[in-house]
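Okay, so here's the structure we're looking at.
Quick caveat: nothing in here was measured; it's all calculated off a predicted structure. Order of the sequence lines fixes the chain letters, A, B, ..., with proteins taken first and strands second; residue numbering starts at 1 for each chain.
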Amino acid sequence: MSGGLPSPAARVGFSFEVGDQLAGGCGRTGTITTPHGTIQTPAFVVVGTKATVKTVLPETVAELGAQAVLANAYHLYLQPGADIVEAGGGLGRFMNWPGPTYTDSGGFQVMSLGVGFKKVLAMDVAGLASDDVVAAGKSRLARVDEDGVTFTSHLDGSSHRFTPEISLQVQHRLGADVIFAFDELTTLMNTRGYQERSVERTHAWAIRCLAEHRRLTAERPERPYQAMFGVVQGAQYEDLRRRAARGLAELEVDGQAFDGFGIGGALEKQKLGTITGWVSAELPVDKPRHMLGISEPDDLFTCVENGADTFDCVSPSRVARNAAVYTRDGRFNVNTAASRRSFEPIDAECDCYTCAHYTRAYLHHLFKAREMLAATLCTIHNERFVISLVDRIRTSISDGSYADLKAETLGRYYARHR
RNA sequence: GUGGGUGUAGCUCAGUUGGUAGAGCUCCUGGUUGUGGUCCAGGUGGCCGCGGGUUCGAGUCCCGUCACUCACC
């Protein structure tokens with residue numbers, strides 16, 4: 001382990017304590033404490049982009065075992081506006097979620113609105129490298145410059161400007177317990193030269209984010225402290241990833257350092273573990289590491305054993321709305337003919353509300369009939385599946401059964417495909 | 001009974017001056033990793049109501065016939 005900083009002064013309202021270590025790896029358990037409660041790590045943070053976990057009630061989200069919810073600053077800035085969320089008592093109160101909350105900075109939208117697609121994982125990139133990537137048939141809705149990003153709203157076409165300072169101002173108004181630095185997310189199709197310049201830009205923005213965060217925090221001392229995470233970029237390049245991580249770890253602006261770190265960007269699935277390992281090695285052991293946009297079972301194990309503490313991902317809810325459901329024996333689409341007369345739960349071993357009360361045939365019917373309950377029930381199941389898996393991973397680190405859990409879980413989950 | 005209309009994919013319908021058929025939906029199968037997604041991609045499926053005729057060639061033109069439908073007796 002290198003690049004670690006001395007322990008920062010304890011901050012009121014936010015802390016991270018490392019628990020058990022995974023034998024033979026840099027995985028660990030831990031406890032994140034926020035003004036709205038604690039998070040036992042490793043943990044899966046449920047995504048509620050627009051201040052709602054699509055199709056499910058907050059009470060249900062809590063019953064799923066979700067420990068925290070992550071919303072998006074860019075989306076809430078556009079609608080309803082950060083001032084309204086602030087006037088509504090802040091993100092958690094506004095959406096009736098009493099537990100810990102996160103907001104993403106809008107950095108992801110720099111890429112997704114810019115290039116018109118979101119394929120940043122497991123993409124065949126041979127021969128496609130480019131400085132100016134845009135999906136065929138899509139118009140660019142975001143343009144990056146050194147100072148910030150100009151967006152064209154996907155809602156009404158209006159033009160908006162995001163800079164590190166503006167993102168932080170928005171996130172402070174939203175009031176989540178954990179906020180992220182405004183970064184630039186590239187795709188695997190960008191050239192090495194572009195990735196290099198992008199990492200430098202993200203670092204320069206990180207400095208501005210810390211300065212603005214410090215200013216805003218000092219301005220409102222009466223408010224609960226919002227923890228600030230820096231985001232490590234660098235695509236698939238070891239030197240860029242390590243340099244980015246080390247740079248953020250060492251960064252301190254007028255005594256203000258990052259409280260934790262996000263690991264994001266273009267992550268080739270095959271290199272996910274390796275990249276996470278590079279980054280973890282450069283980051284301080286006593287601050288939490290959040291994997292942005294990861295939830296596939298094999299990816300969760302890979303990231304945890306390489307030092308990741310928390311995850312968020314839209315996948316469980318997004319695929320649920322399109323009829324894909326996870327089971328211990330792999331994923332399948334419940335809207336296909338195989339489920340029409342299957343009067344069994346999605347996963348007989350699952351402890352979720354959906355599996356306790358509903359059959360595949362019923363869910364199949366709901367999807368065919370385009371009933372809204374289909375999305376709700378499958379979202380409940382999928383979110384519970386991922387939360388439960390990460391919970392079991394956490395327990396297994398503590399009781400020494402991690403290797404067994406991993407072998408059994410992945411062996412079953414991918415049996416059909418291997 | 002008379003006159004008109006319609007018969008093309010499971011459904012609703014397109015099919016240009018005749019050159020062995022298309023769309024949407026359905027159906028089937030994939031996909032979805034910091035939500036531009038209540039979606040995207042691909043695929044199966046038709047002796048064009050039936051029988052004759054004209055023509056090198058007919059879903060297209062002609063004759064007959066059957067079914068459904070509308071109007072009037």
Across every strand shown, the nucleotide meeting Watson-Crick or G-U wobble geometry with B/C73 (both distances under 3.5 Å) is none

- Message: With a cut-off of less than 4.0 Å, is there a side-chain N or O of A/His154 near OP1 or OP2 of B/U35?
- Response: no

(Q) What's A/Ala374 touching, base or sugar-phosphate or nothing? Going by heavy atoms closer than 4.0 Å. (A) nothing

message = Counting the atoms with a prime plus P, OP1 and OP2 as sugar-phosphate, which does A/Glu371 contact under 4.0 Å by heavy atoms, base, sugar-phosphate, or nothing?
response = nothing

Can you give each donor-acceptor pair under 3.5 Å made by side-chain atoms of residues 41-54 of chain A, sequence neighbours left out, with the distance rounded to 0.1 Å?
from    : atom 1 : to      : atom 2 : distance (Å)
A/Thr41 : OG1    : A/Gly30 : N      : 3.0
A/Thr41 : OG1    : A/Gly30 : O      : 3.2

Inset, instruction - Remember a base hit wins even if backbone is also touched, and classify A/Asn322 as base, sugar-phosphate or nothing at under 4.0 Å, heavy atoms. - result: base

- Considering only atom C1', compute the distance from B/G45 to B/A21 and round it to an integer number of Å. 13 Å

*Within less than 4.0 Å of OP1 or OP2 of B/C28, is there a side-chain N or O belonging to A/Arg340?*
yes

The residue among A/Tyr102, A/Phe16, A/Phe261 that forms ring pair (Phe, Tyr, Trp, His ring centres under 6.0 Å) with A/His290 is A/Tyr102

Between CZ of A/Phe311 and C1' of B/U35 the distance, given in whole Å, is 19 Å

**Asked** At under 4.0 Å, does any side-chain N or O of A/Gln109 touch on OP1 or OP2 of B/G34?
**Response** no

For A/Arg412, I'd like to know if atom CZ has over 12 heavy atoms of other residues, nucleotides or ligands within 6.0 Å. yes

Review point. Can you find an N or O donor on one side and an acceptor on the other, under 3.5 Å apart, linking the side chain of A/Arg318 with the base of B/U32?
Key: no

(Q) Taking the ring of A/Tyr77 and the ring of A/His160, is the distance between their centroids below 6.0 Å? (A) yes

Report task. Record whether the side chain of A/Lys269 comes under 3.5 Å of the base of B/U33 through a donor-acceptor pair of N or O atoms. Result -> yes

With the side chain defined as heavy atoms from C-beta on, A/Ser105 is closest, among B/U35, B/U33, B/G34, to B/G34

Regarding the side chain of A/Val231, the nearest nucleotide among B/G36, B/G34, B/C39 is B/G34

#### Entry: Base B/U35 paired with A/Arg321 side chain (donor-acceptor, <3.5 Å)
yes

- Residues A/Phe229, A/His213; criterion ring-ring contact (aromatic ring centres under 6.0 Å, His included); working and verdict: CA-CA 11 Å; A/Phe229 283 25; A/His213 178 59; over 10 Å; no

- Message: Please determine whether the number of non-hydrogen atoms from other residues, nucleotides or ligands lying under 6.0 Å from atom CD of A/Glu238 exceeds 12.
- Response: yes

### Message
Any base atoms under 4.0 Å from A/Thr49, or only sugar-phosphate, or nothing? Heavy atoms, all strands.
### Response
base

*Do the side chain of A/Asp183 and the base of B/G34 come within less than 3.5 angstrom through a donor-acceptor pair of N or O atoms?*
yes

As its Watson-Crick or G-U partner within any shown strand, both distances under 3.5 Å, B/A14 has none

Next on the checklist: Any base atoms under 4.0 Å from A/Lys54, or only sugar-phosphate, or nothing? Heavy atoms, all strands.
Outcome noted: base

May I ask you to say what A/His290 touches in the nucleic acid, namely base, sugar-phosphate or nothing, with a heavy-atom cut-off under 4.0 Å? nothing

Any N or O donor-acceptor pair linking the side chain of A/Ser112 to the base of B/U35 at under 3.5 Å?
no

By nearest-heavy-atom nucleotide on RNA chain B, the more 5' of A/Met372 and A/Asn72 is A/Asn72

Query - Distance, P atom - from B/C56 to B/G46, rounded to whole angstrom - result: 31 Å

Against the side chain of A/Ala337, the closest entry in B/U32, B/U29, B/U35 is B/U29

Whole-angstrom distance between B/C13 and B/G7, as gauged at atom P: 9 Å

NA contact type, A/Asn333, heavy-atom cut-off 4.0 Å: base, sugar-phosphate, or nothing?
base

